[in-house]
Undergrad: 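Submitted below is the structure of interest, expressed as structure tokens.
Owing to the predicted nature of the structure, the values given are computational and were not obtained by experimental measurement. Only this structure's heavy atoms are used, side chains among them; waters, hydrogens and symmetry mates stay out. Convention: sequence-line order gives letters A, B, ...; per-chain numbering from 1.
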Amino acid sequence: MAVTQPVSRGVPGEERHRIPIKTLLIYLLPLLLLGIFWAEYTFLPNAQTFTKKKYLAAAFPYFVGLYLVVFGVGLFKKNFRQKLTYRSPLISGAIGFLILWDLVTLKMGLLPLPQFPSPGAVVAALVSDAEVLFVSLYHSLGLLFTGYFLGLLFGLPTGILMGWFSTINYWLSPILRFIGPLPATAWIPVAMVIFPTSFVASVFLVALAAWFPITIMTWSGISNVNKSYYEVARTLGANVRYLIFKVAIPASLPSVFVGLFMGLGSAFATLVVAELLGVKSGLGWYVAWAQGWAEYAKVWAALVIMAVMFSGTTSLLFRVRDRVLVWQKGIIKW
Amino acid sequence: MNRVTAEKTEGIVPVQEAGRIRVQNVSRFFLQDSGPDVIALNNVNLDIEPGKFYSLLGPSGCGKSTLMRIIAGLDEATLGTITLDEEPIRGPHFLRGMVFQDPTLFPWKTIEENIASGLEARGILKEKKHEVQEYIRLVGLEGFEKVYPHQISGGMAQRASLARALVNHPKVLLMDEPLGALDAFTRMQMQEEILRIWQSRGTTIVFVTHDIDESVYLSDKIVIMTPRPGKIKEVIDVPLGRPRSRNHPDFWRIRSRILRIFGFSPDFADSYHI
């Protein structure tokens, strides 16, 4: 959303005090919704029984306080205010969604229990099981990074070798075409038997899941490098090493990153399935375990943590991409 | 030329030794599975004198680009030999620098890094890094060192590509229609730039073009090539001083002579500007 900034008139120092009413209203919207949520939660009668600890109710004053601090900072820092004004409708929307969720569960009982707990119950699960969730997150991250890193470690060289040497391509591409499309999760029964521990088996599965798209996109990137780059480099005195490391690889990086993102996606999927089925730790295991006890508030809590973990990892990769492919700035649109 | 004077006029980069290219009985056939084989070059002989500006002039299909690619070492002659200073040519070499019609800058490198590519490829970037800035100055790209290729215009990109070839001190600079993709104004500006750089660097230049005016304006010698099969029809001298005027009667005389060689009547050429 575009926010019109006040046209500065008079002394520059006065500029920050002239905030248009509309901007101020948008800026205050989250606070207003937070108040409505608090009131709705406190004063409406419950349709469901709520036996958990009331962490959410206790948290309201902190949320309001936090927003007031943010609001205060925004009054004095123009850049911060602009960012916040831009995000404000979105934050308000999120709070609105929580109000609606609370209404249809706790307050009106429209959704069945135990599958659809109220926001307060999920918050209670997040807080009371924080330690287990944290350990599970730690294990999942360990599995994700080990597996993904191994997939990368094997995927990049395989792709580069296939793109550069036709003999290697001759032997590897049929294998890749035949085995690659098989989802890594299909290997679970075999992997669990072959490898000594379920963790090693899962690392293998995640690595395999990441390896395939990374290899394919690296290979495709290397083989699609504009041939005139090689010609130019050769007239400049380049040897084969230079052609591979200083021309082919940098030129194929945009394609490699597509593979890295695809690989990360399959790594997530494989990780969760592996943990649901075999591994005795991690968020996937936690979800399966909580479901076994019909503790759906915990299931939802784990899903929230998973979403944070996966989107965080993805944005981390985006950051790396933006740094490495800085030369594409203004060309790429994703 | 005295080294000290050279440093005074062109910074710290000394004037380079120019090379002589000899093309002897060179033919290039392209064998086709269907249809007749193509004779891209038919028994071409050419002696390119050191330090001179040569143009290869002809319509498309006359083999001028093929000949240039063979001299660059990017293509091989089916028959015949080509030597640089009596050394037979085998594959590309940095002493035969090349500028392509498309600037083909490496998009992942800044302008400065692009120009430094030749030194980097030869593993001497550390010792010669100071020269990169000289060449950036020579082609007038100061201030654009840290910029990426997609951020600059076609003319500037072609300047960068010229500097990238020159940084290796080539004995011969091969230019394959380097101004073909530029607009008329940028083109004339770049012609001046190329002449200025050539006069200060003293390297041999082989310049492919299909523009008669351009070849007369730039060259010492014009190699006129005709297609089907591609061959050299005539090599003509351009005994004009520099700077040249495109309106001088002598300029027009040479122009008319070239038109006659290609079978156009000069009167026709006067009324239609080819």
Undergrad: Please look at L105(B) and chain A and tell me whether the side chain, the backbone, both or neither of the residue comes under 4.5 angstrom of a heavy atom of that chain.
TA: backbone

Undergrad: More than 12 non-hydrogen atoms from neighbouring residues, nucleotides or ligands closer than 6.0 Å to NZ on K246(A), yes or no?
TA: no

Undergrad: Between L236(A) and N168(B), which heavy-atom pair has the shortest distance, and what is it?
TA: O-ND2, 3.1 Å

Undergrad: Contact between W327(A) and T110(B) at the side-chain level, heavy atoms closer than 4.5 Å - yes or no?
TA: no

Undergrad: Taking all atoms of both residues into account, what is the closest heavy-atom pair of A238(A) and A121(B), and its distance?
TA: CA-CB, 3.8 Å

Undergrad: Please round to the nearest 0.5 Å and tell me the distance separating atom OG1 of T235(A) and atom CZ of F94(B).
TA: 12.0 Å

Undergrad: Does CH2 in W108(B) sit with more than 12 non-hydrogen atoms of other residues, nucleotides or ligands closer than 6.0 Å?
TA: yes

Undergrad: Taking heavy atoms only and a threshold strictly under 4.5 Å, list by residue number the residues of residues 204-231 of chain A that touch chain B; give 'none' if the list is empty.
TA: S228(A), Y229(A), E231(A)

Undergrad: Can you confirm whether the side chains of E120(B) and Y242(A) place a donor and an acceptor under 3.5 Å from each other?
TA: yes

Undergrad: More than 12 foreign heavy atoms under 6.0 Å from CD of E76(B): is that the case here?
TA: no

Undergrad: If we define contacts as heavy-atom pairs under 4.5 Å, which of V247(A), L243(A), L253(A) has the most with chain B?
TA: V247(A)

Undergrad: If you draw a 6.0 Å radius around CD in E145(B), do more than 12 non-hydrogen atoms from other residues or ligands fall strictly inside?
TA: yes

Undergrad: Should V232(A) and R164(B) count as side-chain neighbours, where that means a heavy-atom distance under 4.5 Å?
TA: yes

Undergrad: Looking at R234(A), is its backbone amide N or carbonyl O close enough to the side chain of H93(B) to form a donor-acceptor pair, meaning the two atoms are under 3.5 Å apart?
TA: no

Undergrad: Heavy atoms under 4.5 Å from chain B: which residues of residues 143-177 of chain A carry them?
TA: none

